[in-house]
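The chains referred to below are lettered A, B, ... by the order of the sequence lines, with proteins before strands, and numbering in each begins at 1.
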Amino acid sequence: MTTSTLVEPILRWYDEHARDLPWRRPDATPWSVLVSEFMLQQTPVARVLPVHEAWLARWPTPVALAAEPSGEAVRAWGRLGYPRRALRLHAAATAITEHHGGVVPDSYDDLLALPGVGDYTAAAVAAFAYGQRQVVLDTNVRRVLARTVTGTEFPARSVTRAERDLGAELLPADPPTAATWSVAVMELGALVCTADRPRCGGCPVTDACAWQQAGAPAYDGPPRPVQTYAGTDRQCRGRLLAVLRDTHGSVPKERLDAAWDDVPQRERALASLIADGLVAEQPDGRYALP
DNA sequence: TACACGTGGCC
DNA sequence: TGGCCAAGTGT
């Protein structure tokens, strides 16, 4: 397996098959890229598109978002899920306003220091918004590398040193090409080398793929954790927050009580929402977005 | 290192 | 039908 057997075909494939997404357009601002990365964390592109568009129309800059209460960000987040991301995006906008002159920072370290920005998002923004040479390892990239290079259907639970070394080894030397390569591998993972039922017939590197050459063996690693949802605290939190999101102003506690039957669970969920800063209890005892 | 954290679509 | 999955981060 040489670099060129993987990189060049995937770059050519991307040139022909890349989706036209708002945050990939030449006129997309770093803020647009940053917003997209927050929204895309654990969330499909199709659901992000309309919310991203409305978000950028309302808040074209981090300064504009930072000027509003965090609760407005939570409300505008709508039903994207994981609303703590909205809170963190608002906090990131505030930090950018206060510490970076309102400009999304371009260094990996400065990005990493922002709330809600971890290794993936810092590398992605540096690469996609600023054209830098960064190792971008998301779930798509990791799956593509696991199959094509390692010969396993799925990567390990967490990023390994070997993956990081491999990502660095494959990364083209030229920064703009490196950035394109990173988005190209992600796109291949999202559209072709999917977790379930990969479309190997449309893959530009199927002939070089270690997993294919090994006969596409079934995954035999440790069981991947199942996400339960019905009846969980997460679902309860979602129900409570939906009441506030869909209401202008504040609500009495009875409105929240009506949203979930299990009393101890409801109280626990409400307390956690308040602790997270997603819900504010007012002096009059009513509840509202922060 | 595991686990918590929303939501909806797919087969 | 319901298990599985979707551009992760924080603790």
Looking across every strand, which nucleic acid part, if any, lies under 4.0 Å from [X] by heavy atom: base, sugar-phosphate, or nothing?
{"X": "A:L241", "answer": "nothing"}
{"X": "A:Y229", "answer": "base"}
{"X": "A:D276", "answer": "nothing"}
{"X": "A:V48", "answer": "nothing"}
{"X": "A:G81", "answer": "base"}
{"X": "A:L21", "answer": "base"}

Gap between atoms [atom1] and [atom2], on [X] and [N] respectively (whole Å):
{"X": "A:F38", "N": "C:dA7", "atom1": "CZ", "atom2": "P", "result": "18 Å"}
{"X": "A:R79", "N": "B:dG9", "atom1": "CZ", "atom2": "P", "result": "10 Å"}
{"X": "A:F154", "N": "C:dC4", "atom1": "CZ", "atom2": "P", "result": "11 Å"}
{"X": "A:Y82", "N": "B:dC3", "atom1": "OH", "atom2": "C1'", "result": "11 Å"}
{"X": "A:R239", "N": "B:dT7", "atom1": "CZ", "atom2": "P", "result": "9 Å"}

Give a yes or no on whether a donor-acceptor pair under 3.5 Å exists between the nucleobase atoms of B:dG6, that is its base, and the side chain of A:T43.
yes

Mapping A:R157 and A:P44 onto DNA chain B by nearest heavy atom, which one lands closer to the 5' end?
A:R157

Let's see if you can work this out: which of [options] has an atom nearest to the side-chain heavy atoms of [X]?
{"X": "A:R19", "options": "C:dA7, C:dG10, B:dG6", "result": "C:dA7"}
{"X": "A:Q41", "options": "B:dT7, C:dA7, C:dT9", "result": "C:dT9"}
{"X": "A:A195", "options": "B:dG8, C:dC5, B:dG6", "result": "C:dC5"}
{"X": "A:R47", "options": "C:dG10, B:dC11, B:dG8", "result": "B:dG8"}

Which label fits A:W55 and A:W59: parallel for a plane angle under 30°, tilted from 30 to 60°, or perpendicular past 60°?
perpendicular

Please check: side-chain N/O of [X] versus main-chain N/O of [Y], any donor-acceptor pairing under 3.5 Å?
{"X": "A:D276", "Y": "A:L278", "value": "no"}
{"X": "A:E72", "Y": "A:E68", "value": "no"}
{"X": "A:T194", "Y": "A:D196", "value": "yes"}

Using only side-chain N and O atoms of [X], determine if any of them is under 4.0 Å from OP1 or OP2 of [N].
{"X": "A:R84", "N": "B:dT7", "result": "no"}
{"X": "A:R85", "N": "C:dT9", "result": "no"}
{"X": "A:R237", "N": "B:dG6", "result": "yes"}

[atom1] gap between [N] and [M], integer Å:
{"N": "B:dT1", "M": "C:dG10", "atom1": "C1'", "answer": "13 Å"}
{"N": "C:dA6", "M": "B:dG6", "atom1": "C1'", "answer": "12 Å"}
{"N": "B:dA2", "M": "C:dA7", "atom1": "P", "answer": "22 Å"}

DNA chain B-proximal residues of residues 120-141 of chain A, any heavy atom under 4.0 Å:
none

List the steps and the verdict of side-chain hydrogen bond (donor to acceptor under 3.5 Å, both in side chains) for A:E37 and A:Y120.
CA-CA 9 Å; A:E37 293 301 342; A:Y120 162 74; 2.8 Å; yes

Within 45 degrees of the axis of the six-membered ring of A:F154 and under 6.0 Å from its centre: does A:R147 put its NZ or CZ there?
yes

Closest to the 5' end of DNA chain C, once A:L114 and A:M186 are matched to their nearest nucleotides, is A:M186

By a strict heavy-atom criterion of less than 4.0 Å, which residues belonging to residues 22-32 of chain A are in contact with DNA chain C?
A:W23, A:R24

